[in-house]
Amino acid sequence: MAESIRSSTSSPELQSALAWLGAPPAEDPLRDLVPLRNHLAEGADAGLPPLRWLKVLELFQARANAIDDALRPLLLDATLPLPRHLRTVAQGLVWVHGALAEGYLRVAREADPTKLTLPRRTLPALCAEALAGLSRQYEVALLVSAPAPANLWSHVQAAFHLLNGAFPPHAILTPDIAAADRALKSVLALAAAQPETFAAREIDFLADYLRGAALAVEVRTAAPEPMADWHWLEESRDLPPVAAGRRLPPPDGHVLYFSCTALGNRVREQIGRLISGERPETLGIPPMAAAGDYRNALARAGARWSSPQKRQFHRRRQNQRVQVCAHLGTLWRQLHGDAGAASGEAGMQITNWMVLNESPGGYAMMHVSGSIAGLVAGAALGLRMVSGQPWSICLVRWARSDNPEHVELGLELIAPSAEAVRIVWPGRDAGAAPTTALLLPPLPRIDRGEALLAARGHYSAGRFTLISEGGGKLQLTECMSQNLALQTACVEVFEFERDFSPR
């Protein structure tokens, strides 16, 4: 195809791009990213007629898909701050996906409708390609905790309104229209799940799940009644979906409404069937949903789809400096009073942050100084105002970074203090070192009793021995685990009761 296009154009830049596309791809697809980005930018400025530009876009798309397939596995265990080279590649791919989507939208707007009749080159097919590209662009940005790319939400709405204007809701659902509908609903539902609160592997799993389940999302252009469980976007604002329960849409404007309630109900039913022993394949969902980690992520997303969260507390702006210990092992040793954690080791792990705003439920903070690594949504960390004060225990609710030098975190306060303890599970930990954990005090206001915070995977139903130290004494207490109060990709918090009965 590159040869036929080359013969019909004289642009040196486009000739160079087509020569590159006609050559075999690099053995490592990531090496194709820089030339792909350069040639795509030059081609977009070449002024090709729409249908000819579409043929070039299809060639670029194949290279972009190969790069995406090669890069995603490298991002699934990404933590903040992301290595510079990996961030550079991810940002380049985000740009490529956006440029390709914009190219498909341009063709859809400018091409003669009577000539958009070939398979995969109809107006719905172009909108589907644009929306699929925007979805991939959003997913890659989320995997590296970057903000949504500029114009993402404007382009999503433009594709929807372009398709909706040509094919009203009662039109026959052709495969191309169905593909566009599914791509639109996937990106809307992913945004409604508050993806910044998930780790990279969980985001990748949810995106995969939505490719099969997103058709349950309901989309409207007329304001629904009641509006409480709906989200909205306004075309002139390049802003992510907003839950109507948090803020009502403007009285005028081109507003798109959508509801994920049916999707949330579907998730609840599927999880119930998974727990009862059904295999994910029989439910038409990704096989990793059988694993507890991913099932937990799906349950959290399903809860948000069923009932969009409302803001509970007013946020107060701040500019206060705080200290953070983001390494759970170092935090445990700090609380335990180990000499190493009080000196040089902690100097590498305790960092300085600026509180941007706070509420009774937590904080939003920006990194100021100190070496940081391994930050990820769902992790637990310690926070204190100044040295010498007790450590409060927080959960990373979201993490955001638009460059390696800038990291922001949203924290949920889960305990005002903690004690370093160890736990032993009879029969399970035979011959192994006791598990380190943080003992959290009871919080009557949220109806939570004494609880333990440990790394993910240590919770088990049944009896265990709690080992605590203080005043030079070692105390062993028999306990019984209770309900799992909180679980993320990194940690779990479970309540327990002490058993003082004679044995």
Check: Between Thr488 (side chain) and Gly378 (backbone), is there a donor-acceptor pair under 3.5 Å?
Finding: yes
Checklist line | Pairs involving residues 294-307, ordered by first then second residue, that meet salt bridge (Lys or Arg N to Asp or Glu O under 4.0 Å) (sequence neighbours left out) | finding: Glu202-Arg300
Item checked: Passing option when Val324 is tested against Leu409, Leu331, Thr351, Val368 for side-chain contact (heavy atoms from CB on, under 4.5 Å) -> Thr351
Item checked: Any donor-acceptor pair under 3.5 Å from Glu235 side chain to Gly253 backbone -> no
Item checked: Derivation of the salt bridge (Lys or Arg N to Asp or Glu O under 4.0 Å) call for Lys473 and Glu469 -> CA-CA 6 Å; Lys473 296 180 179 180; Glu469 301 174 56; over 6 Å; no
Margin query: Checking Arg400 against Ser145 for the side-chain contact (heavy atoms from CB on, under 4.5 Å) test, could you report, in this order, the C-alpha distance in whole Å, the side-chain angles of both residues, the deciding distance, and whether it holds?
Written below: CA-CA 5 Å; Arg400 186 181 301 137; Ser145 301; 5.5 Å; no
Margin query: Parallel, tilted or perpendicular, judged at 30° and 60°: which one describes the rings of His336 and Trp332?
Written below: parallel
Checklist line | Side-chain touch Met354/Arg321, heavy atoms, less than 4.5 angstrom | finding: yes
Checklist line | Side chain Arg448, main chain Ile414, donor-acceptor under 3.5 Å | finding: yes
Next item on the list: Please report the closest heavy-atom contact between Leu100 and Ala64, naming both atoms and the distance.
Entry: CD1-CB, 3.6 Å
Notebook entry, point to check: Have Asn352 and Ser369 got a donor and an acceptor in their side chains that come within less than 3.5 Å?
Noted result: yes
Margin query: Looking at Ala214, is its backbone amide N or carbonyl O close enough to the side chain of Lys185 to form a donor-acceptor pair, meaning the two atoms are under 3.5 Å apart?
Written below: no
Margin query: Quiz question: by atom type and distance under 3.5 Å, do the side chains of Arg384 and Ser392 form a donor-acceptor pair?
Written below: no
Note to self: Can you confirm whether more than 12 heavy atoms, excluding those of Asp69, are under 6.0 Å from its CG atom?
What the structure shows: yes
Check: Judged by modelled atom types alone, do His406 and Glu408 share a side-chain donor-acceptor pair under 3.5 Å?
Finding: yes
Checklist line | Polar side-chain atom of Glu495 near backbone of Gln482 as donor-acceptor pair, under 3.5 Å | finding: no
Check: Taking side chain as C-beta onward, heavy atoms only, is His231 less than 4.5 Å from Val242?
Finding: no
Next item on the list: Look at the side chain of Ser135 and the backbone N and O of Leu131, then say whether any donor-acceptor pair between them is shorter than 3.5 Å.
Entry: no
Next item on the list: Would you mind listing every salt bridge (Lys or Arg N to Asp or Glu O under 4.0 Å) that reaches into residues 479-490, with sequence neighbours excluded?
Entry: none
Next item on the list: Using the side-chain contact (heavy atoms from CB on, under 4.5 Å) rule, take Val219 and Leu256 through it: C-alpha gap first, then chi angles, then the decisive distance, then the call.
Entry: CA-CA 7 Å; Val219 176; Leu256 168 65; 3.2 Å; yes
Next item on the list: Look up atom CZ in Arg201 and atom CG in Leu76, then write down how far apart they are to the nearest 0.5 Å.
Entry: 4.5 Å
Checklist line | Least distance between heavy atoms, Ala301 atom then Leu206 atom | finding: CB-CD2, 3.9 Å
Check: If we ignore angles and hydrogens, is there a donor and acceptor under 3.5 Å between the side chains of Glu478 and Thr465?
Finding: yes
Notebook entry, point to check: Say you draw a straight line from CD of Glu218 to OG of Ser259; how long is it, rounded to the nearest 0.5 Å?
Noted result: 6.0 Å
Notebook entry, point to check: Within a strict 4.5 Å, meaning less than it, do heavy atoms of the Val396 and Leu381 side chains meet?
Noted result: yes
Checklist line | Aromatic ring proximity, centroids under 6.0 angstrom, Phe198 and Trp398 | finding: no
Notebook entry, point to check: Going from CD1 on Ile271 to CD1 on Ile285, what distance comes out if it is rounded to the nearest 0.5 angstrom?
Noted result: 8.0 Å
Notebook entry, point to check: Angle class for the Tyr294/Phe205 ring planes (parallel below 30°, perpendicular above 60°, tilted otherwise)?
Noted result: tilted
Check: Where do Asp499 and Arg463 land on the salt bridge (Lys or Arg N to Asp or Glu O under 4.0 Å) test, with the steps shown first?
Finding: CA-CA 9 Å; Asp499 182 4; Arg463 307 188 70 87; 2.5 Å; yes
Next item on the list: Check the pair Arg136 / Asp68 against side-chain contact (heavy atoms from CB on, under 4.5 Å), numbers first and verdict last.
Entry: CA-CA 9 Å; Arg136 287 189 288 266; Asp68 194 294; 4.1 Å; yes
Checklist line | Steps toward side-chain contact (heavy atoms from CB on, under 4.5 Å) verdict (Leu411, Met365) | finding: CA-CA 8 Å; Leu411 303 182; Met365 308 189 313; 3.4 Å; yes
Margin query: Using modelled atom types and a 3.5 Å cut-off, is there a donor and acceptor pairing between side-chain atoms of Asp238 and backbone atoms of Asn151?
Written below: yes
Check: Looking only at atom types and distance, does a side-chain atom of Trp305 sit under 3.5 Å from a main-chain N or O of Ala189, one as donor and one as acceptor?
Finding: yes
Next item on the list: Supply the atom-to-atom distance Cys325 SG to Ile350 CD1, rounded to the nearest 0.5 angstrom.
Entry: 5.0 Å
Item checked: Considering all heavy atoms, the nearest Val156-Leu184 contact -> CG1-CD1, 3.7 Å
With a cut-off of 3.5 Å and sequence neighbours excluded, list every side-chain donor-acceptor pair involving residues 85-95.
| residue | atom | partner | partner atom | Å |
| --- | --- | --- | --- | --- |
| Arg87 | NH1 | Ser401 | O | 3.1 |
| Arg87 | NH2 | Ser401 | OG | 3.1 |
| Thr88 | OG1 | Arg84 | O | 2.9 |

Note to self: Just checking Trp425 against Phe464, ring centres under 6.0 Å apart?
What the structure shows: yes
Notebook entry, point to check: Quick one: does Asp204's side chain get under 4.5 Å of Leu75's, heavy atoms only?
Noted result: no
Next item on the list: Decide yes or no for Leu395 and Leu486: does some side-chain heavy atom of the first lie under 4.5 Å from some side-chain heavy atom of the second?
Entry: yes
Check: Are any of the side-chain heavy atoms of Leu134 and Val187 separated by less than 4.5 Å?
Finding: no
Margin query: Please find the pair of heavy atoms, one from Cys127 and one from Ala159, that lie closest to each other, and give the distance.
Written below: SG-O, 3.9 Å
Check: Are any non-hydrogen side-chain atoms of Pro81 and Ile372 less than 4.5 angstrom apart?
Finding: yes
Notebook entry, point to check: Has the side chain of Trp232 got a donor or acceptor atom that lies under 3.5 Å from a matching backbone atom of Pro250?
Noted result: no
Notebook entry, point to check: With sequence neighbours left out, which residue pairs that include part of residues 253-262 fulfil the salt bridge (Lys or Arg N to Asp or Glu O under 4.0 Å) condition?
Noted result: none
Checklist line | Polar side chain donor-acceptor pair, Gln137 to His97, under 3.5 angstrom | finding: no
Using distance only, find each side-chain donor-acceptor pair of residues 436-443 under 3.5 Å and give its atom names and separation, not counting sequence neighbours.
none

Note to self: Quick check on Arg220: does its CZ atom have over 12 non-hydrogen neighbours (other residues, nucleotides or ligands) under 6.0 Å away?
What the structure shows: yes
Next item on the list: Take Ser306 and Arg268 through the test side-chain hydrogen bond (donor to acceptor under 3.5 Å, both in side chains) and record every step on the way to the result.
Entry: CA-CA 9 Å; Ser306 296; Arg268 190 182 307 111; 3.3 Å; yes
Checklist line | Shortest non-hydrogen contact between Ile203 and Pro195, atoms and distance | finding: CD1-O, 3.5 Å
Notebook entry, point to check: So which heavy atom on Leu233 is nearest to which on Pro240, and how close?
Noted result: CD2-C, 4.5 Å
Check: Backbone N or O of Met480 within a donor-acceptor pair of the Glu497 side chain at under 3.5 Å?
Finding: no
Item checked: ring pair (Phe, Tyr, Trp, His ring centres under 6.0 Å) contacts in which one or both residues fall within residues 360-384, not counting sequence neighbours -> Trp353-His367
Notebook entry, point to check: Do Gln270 and Tyr209 come within less than 4.5 Å of each other through their side chains, counting heavy atoms only?
Noted result: yes
